[in-house]
Amino acid sequence: MALTRTRDGTVLAGHEVLKVSRDDGRTWTDLGFGNLPGRDLHGFAVDPGRPEVWYANVMGRGVFRTADGQDWTHLSDATAGASVLAAGPQPALYALDAQGLLVSPDGVTWTRRPDAPRGVHLDVHPDSGVLFLAGPDGAFRSTNQGRTWTSLALPEGARLIAVSPQNGDQLIAVGLSGAVYRSANGGGRWQ
């Protein structure tokens, strides 16, 4: 349920496990959970400017931060029901819960974006900070931390969206039907 990748090939996976791979997923090391208060991780993110800083959202508890994978600091319980966590370069953290999108500059204070489309998944480009959202009404892009949104005209609702960290115009989306779509022009056209 919680998976993220950094540019250097580090992949972090969590939900009843917390593992790290430093070689693009070929080998894995179990990190244990350090002092996290639970194992039910429903969101994981890495600060794109400081890849040693990780965020985990523990269901029912909220968001935590670490710089060593063992000593976690509780930042807020505002995201206790969130199922997705993403980090951008502003710095900015994003979370999705049943009520919608939450945005934070620091993980401590959170603001709800009531005009955001209904979402089930998020991704953020690590350089530009452009936010992408997948949901039952399709795929969307925001260039201002979720204040306003542009539809990306995906032919169906979406379960997942991912942006290439190397090229913000390259997107992958998974439709509600299970079809996988690719765009090479930022969601202007899908194959």
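Connection of F140 to L131 is established within a shared hydrophobic cluster, with ILVMFWY side chains joined at heavy-atom distances below 4.5 Å, either directly or through further cluster members. Under a hydrophobic clustering in which Ile, Leu, Val, Met, Phe, Trp and Tyr are joined whenever their side-chain heavy atoms come within less than 4.5 Å, directly or via other members, I161 and L122 fall into different clusters. Linking Ile, Leu, Val, Met, Phe, Trp and Tyr residues whenever their side-chain heavy atoms come within less than 4.5 Å leaves V124 and V46 in two separate clusters. Following chains of ILVMFWY side-chain contacts shorter than 4.5 Å, one cannot reach F132 starting from L160, and the two form parts of different hydrophobic clusters. Criterion: ILVMFWY side-chain heavy atoms under 4.5 Å apart, direct or through other members. Under it, F64 and F33 are part of a common hydrophobic cluster.
Here R65 does not pair with D71 in a salt bridge; the nearest charged N to carboxylate O distance is not below 4.0 Å.
Between the side chain of Q191 and the backbone N or O of R182, no donor-acceptor pair lies under 3.5 Å. A donor-acceptor pair under 3.5 Å links the side-chain atoms of T79 to the main chain of V63, judged by distance alone. Side chain of N57 to main chain of L41: no donor-acceptor pair is present (N/O by atom type, distance under 3.5 Å, no hydrogens or angles). In this structure a side-chain-to-backbone donor-acceptor pair under 3.5 Å is missing from R118 to G135. At distances below 3.5 Å, at least one donor-acceptor pair connects side-chain atoms of W190 with backbone N or O atoms of L152. The closest donor-acceptor contact from the side chain of H42 to the backbone of A82 lies at 3.5 Å or more, if one exists at all. Within the 3.5 Å criterion, the main-chain N or O of V163 finds a donor-acceptor partner in the side chain of D123. Not one N or O on the side chain of S142 forms a donor-acceptor pair closer than 3.5 Å with the backbone of W149. Side chain of Q145 to backbone of V103: no donor-acceptor contact under 3.5 angstrom is found. Side chain of H125 to main chain of P165: a donor-acceptor pair is present (N/O by atom type, distance under 3.5 Å, no hydrogens or angles).
Annotation: R61, atom CZ; neighbour count of heavy atoms from other residues, nucleotides and ligands within 6.0 Å does not exceed 12. With a 6.0 Å radius and a threshold of 12 heavy atoms from other residues, nucleotides or ligands, R147 has its CZ atom above the threshold.
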Practice task
Starting from the C-alpha separation in whole Å, work towards a yes-or-no answer on side-chain contact (heavy atoms from CB on, under 4.5 Å) for Y94 and V84.
Solution key: CA-CA 8 Å; Y94 302 93; V84 177; over 6 Å; no
Exercise for the section: Apply side-chain contact (heavy atoms from CB on, under 4.5 Å) to R159 and H121, showing your working. Expected result: CA-CA 7 Å; R159 296 176 196 221; H121 189 261; over 6 Å; no
Exercise for the section: Assess whether side-chain contact (heavy atoms from CB on, under 4.5 Å) is satisfied between T66 and T73, documenting all intermediate values. Expected result: CA-CA 6 Å; T66 187; T73 301; over 6 Å; no
Exercise for the section: In sequence, state the C-alpha distance, the side-chain angles, and the governing distance for R112 and L101, and then conclude on side-chain contact (heavy atoms from CB on, under 4.5 Å). Expected result: CA-CA 6 Å; R112 189 160 299 280; L101 179 67; over 6 Å; no
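The minimum heavy-atom distance between S128 and P89, with the atom names listed, is C-CG, 4.3 Å. Closest heavy-atom contact between T27 and S21: O-OG, 2.8 Å. Heavy-atom minimum distance, R113 versus G146: CD-O, 3.4 Å. Nearest heavy-atom pair across P126 and P48 is CB-CB, 3.6 Å. Of all the heavy atoms in L96 and G119, the pair that sits closest is CD1-C, 3.7 Å. Pairing each heavy atom of G168 with each of L171, the nearest pair is O-CD2, 4.3 Å.
The closest side-chain heavy-atom distance from P105 to T109 is below 4.5 Å. Between Y181 and V174 there is no side-chain heavy-atom pair separated by less than 4.5 Å.
Using cut-offs of 30° and 60° on the angle between ring planes, the pair F44 and W72 is perpendicular.
W28 contributes atom CH2, which lies 9.0 Å from atom CG of D23 (distance to the nearest 0.5 angstrom). Rounded to the nearest 0.5 Å, atoms CG (N185) and CD (Q170) are 10.5 Å apart. With rounding to the nearest 0.5 Å, the separation of OG in S183 from CG in D169 is 7.5 Å. Taken from OG in S104 to CG in L75, the straight-line distance is 8.0 Å, to the nearest 0.5 Å.
Under the salt bridge (Lys or Arg N to Asp or Glu O under 4.0 Å) criterion, R50 pairs with D47, sequence neighbours left out.
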